[in-house]
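Have a look at the structure below before the remarks.
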Amino acid sequence: MMQYSAPAMIVNEATNCHDSGSNGLRGSVGGGAMFRRILNAVLLTLAAVLLALPAFADSQVRIVRLSQVDGEVQADRNTGQGFEKAFLNMPVTQGMKLRTNRDGRAEIEFEDGSTLRMVPHTIVVFPELLLRDSGAQATAVNVRDGTAYVNFTGKKDDEFTLSFAHEKVSLTKPAHLRIELGDTDATMAVFKGDVQVEGPSGGVNVGKKQTATFDLADQDRYALAKNLEPDPYDEWDKQQEQYHQRYTASNSYSPYSYGVSDLAYYGNYINAPGYGMCWQPYFTGLGWDPFMNGSWMWYPGFGYTWVSGYPWGWMPYRYGSWLFLPAYGWVWQPGYWTGWQPLPRVVNPPRQFVAPRPPASPGQTVIVNRGPLPGHGTPKRMIVRNDSAGLGIPRGSVRNLANVSQQVKQNGFAEPRVHNSVGSSISTMSPGVRSRPGATPMGRGAGPRMSAPHSVAPAHSAPTPHAPAPTPHR
């Protein structure tokens, strides 16, 4: 049975909440009757919730991350609205479809650090993202069109099935490969590992630095070549892998691997007295809060979830708690790994903090921005300002962000040199954008430039409770 996190909440550690009015109710005859009626209503509601849980528990759904969005990328979230604009850090759930158009590129990151990358004009479907009773993860990916790169880390007992055309690949060991679908043929090139492909013409083993070509017009008959034909996007895929390998080596204090490299690149861990090791993004001051840039997105089955617009904004919004410490500002405290949170816990917020509130009506996408302009500049130089929290800095494009962060603290801005970028550009959106159900916000880039004042609640108000979201496991 799946586990669920408690509804996300805003908690102020300096306040002790007691219901002093309940004693008055129970102390009078009328009050006692009212108390019993309230108690009965609460028990009936609790019973209904408990009866509904097995239906969710049987689904064993997992959630993975859309970890890079560049150019025109769209997602079909099974909301009935078809393909809509995809945002960085969107949760990818079972049954979703992703499509890259024109210059679009995307990366999907799984819990164990496995990745799938899409180049322009590619369609990928995720028919299965499940958790077995044994605790093993079952993943099925179908490449419908275009070119996709898969890097599977090979965690023991996990199942990763990759299908394209009429072929099927069951990955059980680490492998890195490229799938290309053309009009008349399909090819699979293996950069690392040893892969067994099953199809209408039988099975074929494709080893390291080998390519199998399948004739789609002739029962998928195959030809095996002991070489790799280069593709224009091979270098881009290689750069992504180097970025993850370089920054994932850092201690993440997390049982999961997705999002870890971004935490290492865009911030650092500090030992906060009384709280232990906490993570803090670079380029933040006391005026910054974690909800300045993001969007509310509706998902069938578990309602609204907060999707952060920051390039590092996955793990700190799905697990753990955000703490406000007067001497440090906002920091993220790792924890609460057993429950996937649609909105993170917030502890001890400052008096002026405005708590985020999801929209009242289902099915909308509401974009929010209260922060400064993202980093921008020339192809060789970038202007980074305080409280941008890394927004607009493509991953791996600026060396030693810790030093740049110190410059920003001293001067209010910095102009670091931009090196070969392995990430994506982040463009702006017009202020005041509020999308309707099915609407596709305009603009290009990995992180939305956001503004929608109606999506923010009055100060000190807690977010509306939702049904618990599905829980990923390792």
Show me the pairs that pass salt bridge (charged side-chain N to carboxylate O under 4.0 Å, His left out) and involve residues 252-266, at least two apart or across chains. R65-D262
Under the side chain to side chain donor-acceptor pair (under 3.5 Å) test, which residues partner R99, sequence neighbours left out? Q74
Taking the side chain as every heavy atom from C-beta outward, state whether D289 and F324 have any atom pair closer than 4.5 Å. no
Please work out whether the ring planes of Y304 and W298 are parallel, tilted or perpendicular, with thresholds of 30° and 60°. perpendicular
Nearest non-hydrogen partners of K192 and N151, listed with the distance: NZ-OD1, 4.0 Å
What residues form a side chain to side chain donor-acceptor pair (under 3.5 Å) with T122, not counting sequence neighbours? none
Just verifying a value: how many Å separate F191 CZ and L177 CG, rounded to the nearest 0.5 Å? 8.0 Å
Partners passing salt bridge (charged side-chain N to carboxylate O under 4.0 Å, His left out) against E415 (at least two apart in sequence or in another chain): none
Judged by atom type as modelled, is there a donor-acceptor pair below 3.5 Å linking the side chain of Y253 to the main-chain atoms of Q333? no
Side chain to side chain donor-acceptor pair (under 3.5 Å) with T79: which residues, sequence neighbours excluded? none
Measuring from atom CD of Q341 to atom OG of S321, what distance do you get when rounded to the nearest 0.5 angstrom? 6.5 Å
Taking E111 first and then K155, would you say they form a salt bridge - that is, a charged N and a carboxylate O separated by under 4.0 Å? no
Would a distance-only check, ignoring hydrogens and angles, find a side-chain to backbone donor-acceptor pair under 3.5 Å from T365 to M297? no
Output the distance between atom OH (Y265) and atom CG (L401), rounded to the nearest 0.5 Å. 4.0 Å
For Y258, which of F110, W312, W314 qualifies under ring-ring contact (aromatic ring centres under 6.0 Å, His included)? W314
Are any non-hydrogen side-chain atoms of V141 and F126 less than 4.5 angstrom apart? yes
Heavy-atom donor-acceptor pair, T248 side chain to H244 backbone, under 3.5 Å: yes
With the side chain counted from C-beta on, respond yes when L66 and F87 share a heavy-atom pair under 4.5 Å apart, and no when they do not. no
Are any non-hydrogen side-chain atoms of Y310 and P316 less than 4.5 angstrom apart? no
State, with a plain yes or no, whether a side-chain heavy atom of L343 is found less than 4.5 Å away from one of P356. yes
Side-chain donor-acceptor pair under 3.5 Å between D112 and Q137, yes or no? no
Counting the benzene-type ring for Trp, do W322 and F353 have ring centres under 6.0 Å apart? no
Is the closest side-chain donor-acceptor distance between S261 and R246 under 3.5 Å? no
Could you check whether E107 and S67, counting side-chain N and O atoms only, form a donor-acceptor pair closer than 3.5 Å? yes
Looking at residues at least two apart in the chain, or sitting in another chain, which of them share a side chain to side chain donor-acceptor pair (under 3.5 Å) with D237? R117, H176
Is the distance between the ring centroids of Y319 and Y256 under 6.0 Å? yes
Side-chain heavy atoms of V195 within contact of L162, under 4.5 Å: no
What is the ring orientation for F291 with W306, classed by angle as parallel under 30°, tilted 30 to 60°, or perpendicular over 60°? perpendicular
Answer yes or no: does atom OH of Y336 have more than 12 heavy-atom neighbours from other residues, nucleotides or ligands under 6.0 Å? no
Any chance you could measure T115, atom OG1, to Q240, atom CD, to the nearest 0.5 Å? 9.0 Å
pair R77-T93: side-chain heavy atoms closer than 4.5 Å: no
Please check this pair: side chain of Q94 against backbone of L129, looking for a donor-acceptor N/O pair closer than 3.5 Å. yes
Return the orientation label for the Y149 and W236 ring planes: parallel under 30°, perpendicular over 60°, tilted otherwise. perpendicular
